[in-house]
2 protein chains.
Amino acid sequence: MGYTVGQVAAFAGVTVRTLHHYDRTGLLSPGERSPAGYRRYGDADLARLQQILFYRELGFPLEEIAVILRDPHADALGHLRERQRRLREEIARLERLAEVAEQAIEVQRTGVRLSPEERFEVFGEISFDLSYATEAQLKWRDSAAYREAMARAAGHGKEDWRRLMAEAAAWRTSLLAAFDAGEPADGERAMDLAEEHRRHLTRWFTPCPPDTHRRVADDLAADPRAFALLVPPSQQRPGLAAYVSKAIHANAARREAAGPDPEEQP
Amino acid sequence: MGYTVGQVAAFAGVTVRTLHHYDRTGLLSPGERSPAGYRRYGDADLARLQQILFYRELGFPLEEIAVILRDPHADALGHLRERQRRLREEIARLERLAEVAEQAIEVQRTGVRLSPEERFEVFGEISFDLSYATEAQLKWRDSAAYREAMARAAGHGKEDWRRLMAEAAAWRTSLLAAFDAGEPADGERAMDLAEEHRRHLTRWFTPCPPDTHRRVADDLAADPRAFALLVPPSQQRPGLAAYVSKAIHANAARREAAGPDPEEQP
DNA sequence: GCTTGACCCTCCCCTTACGTCAGGCCGCAG
DNA sequence: CTGCGGCCTGACGTAAGGGGAGGGTCAAGC
């Protein structure tokens with residue numbers, strides 16, 4: 001009667017190092033030692049080990065296991081209930097994460113049809129911010145405009161993206177010129193830039209009536225990640241996002257004031 | 001344009017130490033430093049931080065995040081899929097654990113009606129092995145005999161348990177005497193002890209026809225934790241569990257050979 | 001009696017993603 | 001000039017062991 005560390009380890013499915021660890025921390029010290037100092041585990045030790053592994057599998061920290069096993073009065077039931085509550089919380093948390101991951105995959109998979117190399121070639125510095133895209137997907141996936149925009153984006157090929165990006169770059173240049181020249185955000189030149197942005201969205205993604213455009217503007221002003229898709233951080237200036245947003249609002253008001261607007265096709 | 005660590009930390013919901021950590025490991029180094037050596041984070045740094053936090057929330061290790069962000073060619077989609085697969089595995093694992101925990105709670109709650117103090121008083125050294133009891137519950141909860149045994153156990157009060165344990169202690173003394181005297185496991189004395197065990201089970205837990213008793217015997221021989229409930233480790237001898245099991249099998253055969261048996265009531 | 005190989009021992013450092021000091025510099029208000 | 005809050009670096013600690021160095025022990029074969 002007396003097993004060595006190796007035997008116990010093989011038999012219980014743990015490593016020798018684990019048994020050493022449990023010995024050193026006092027969680028499970030073998031009943032005796034051989035004259036040479038070898039650990040000798042008895043049946044009682046094995047029984048205790050089994051208890052330990054049971055609680056360990058349930059994810060209890062070793063210290064708490066020690067408490068539970070220390071005195072049989074210990075409130076094992078309470079510990080178990082608490083543990084189960086936390087297990088359920090953890091499950092719920094992981095389920096939320098899995099959902100986010102799924103949306104992120106969805107965004108990556110359908111968002112752009114390009115290969116990673118093409119994507120890099122076309123987008124360059126403007127890296128696709130997955131965290132924002134995923135959040136946007138979770139926020140707007142029930143909106144028809146969003147779905148159409150994504151579907152059309154998925155349909156674009158490399159050449160489409162190149163043209164689209166060139167257009168956007170030219171627009172950015174004009175925007176920065178107007179902003180740096182001190183043009184007012186509700187002035188004509190800024191409103192014209194906003195209108196150009198609207199037509200850009202309409203042509204490449206989805207028709208963009210005033211209300212839709214206002215929602216876009218609000219998001220640009222509220223979330224730097226959204227604005228970064230429009231103007232890369234290296235070209236930004238303080239107040240630029242708010243400026244663009246204000247211009248879009250002004251342009252939306254102008255268009256509404258101009259009366260009913262038979263959306264002309266591009 | 002340039003935020004200090006404290007500002008970024010407050011604003012992004014992380015601690016200053018976290019930003020220091022990301023800086024040292026190279027995951028996120030601020031664009032510049034003030035003359036005095038203060039970290040100055042720019043908008044591009046904030047954008048990167050947001051990316052980092054997104055992947056971190058999904059449970060990616062920081063090193064993997066660094067790889068994903070290092071070059072935009074990186075296969076973010078592949079990483080995400082892999083991550084989601086592991087999230088699902090983890091969810092399944094936790095669900096199994098929650099089930100085990102629930103069974104363990106069930107065992108503790110209904111198994112014995114005593115308070116922790118009473119339980120200690122009555123059971124003393126023979127500590128209730130939750131890992132075995134839970135496994136037994138998962139294995140046998142569909143058996144009618146098991147359910148009856150648990151229900152009757154739950155009905156016993158402190159006095160019942162005391163009498164029951166006293167009976168068991170006397171039985172153990174006889175068992176050890178027979179075993180130490182070298183009585184054969186299939187001899188009359190051992191079979192009588194097995195029969196006594198059977199009547200004990202019948203009286204306190206559930207009627208125990210030969211087949212049921214054989215299953216109990218097999219479990220006693222196979223699982224040291226089961227046997228420990230019958231004979232505490234301190235009183236065990238090598239081969240004792242097998243001896244008891246064999247005696248029960250012999251007794252079952254004897255009873256069956258004796259012909260149909262109108263189970264007398266106790 | 002000697003060697004070999006498997007097994008055992010005790011330190012001791014390493015891991016993740018930071019938390020928590022300790023000791024000292026920087027910048028601004030009174 | 002003194003405080004005070006914020007910043008810096010550096011070092012140690014965490015949970016549950018992993019991995020290895022350096023050295024002792026055991027059983028078997030020669």
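Order of the sequence lines fixes the chain letters, A, B, ..., with proteins taken first and strands second; residue numbering starts at 1 for each chain.
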Any N/O pairs under 3.5 Å between the protein and nucleotides 20-23 of chain C? List them or say none.
unit_1, atom_1, unit_2, atom_2, d
C/dT20, O4, B/R17, NE, 2.9

>> Does B/D186 form a side chain to side chain donor-acceptor pair (under 3.5 Å) with B/H249? I'd like the steps, not just the answer.
In response: CA-CA 8 Å; B/D186 52 1; B/H249 274 279; over 6 Å; no

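Among residues two or more places apart in sequence or in another chain, the ring pair (Phe, Tyr, Trp, His ring centres under 6.0 Å) test is passed with A/F60 by A/Y55. B/F179 pairs by the ring pair (Phe, Tyr, Trp, His ring centres under 6.0 Å) definition with B/Y243, not counting sequence neighbours. Under the side chain to side chain donor-acceptor pair (under 3.5 Å) criterion, B/D223 pairs with B/R225, not counting sequence neighbours. Taking B/E89 as the reference, B/R85 meet the side chain to side chain donor-acceptor pair (under 3.5 Å) condition, with sequence neighbours excluded. Applying the side chain to side chain donor-acceptor pair (under 3.5 Å) test to B/Q103 and every residue at least two apart in sequence or in another chain returns B/Q137. In this structure, A/S143 has no side chain to side chain donor-acceptor pair (under 3.5 Å) partners at least two apart in sequence or on a different chain.
From the 5' end on, the contacts that DNA chain D makes with chain B at under 4.0 Å to a non-hydrogen atom open and close at D/dG6 to D/dA11.
B/T18 OG1 to B/L27 CG: the interatomic distance, rounded to the nearest 0.5 Å, is 11.0 Å.
DNA chain C lies under 4.0 Å from no heavy atom of any residue of residues 82-91 of chain B. Residues of residues 18-31 of chain B that place a heavy atom closer than 4.0 Å to DNA chain D, in numerical order, are B/H20.
Counting only residues at least two apart or on different chains, the salt bridge (Lys or Arg N to Asp or Glu O under 4.0 Å) pairs with a member in residues 94-104 of chain A are A/E99-A/R141, A/E102-B/R88.
Note on the helix from C/dG1-D/dC30 to C/dG30-D/dC1: terminal axis deviation equals 40°, with five pairs used at each end and the result rounded to 10°.
Salt-bridge annotation for B/R86 and B/E82: present, with a side-chain N of the basic residue lying under 4.0 Å from a carboxylate O of the acidic one.
Of the N and O atoms on the side chains of B/Y22 and B/D45, not one donor lies less than 3.5 Å from an acceptor on the other residue.
Per the geometry, OH belonging to B/Y38 stands 12 Å off P belonging to C/dC25, to the nearest Å.
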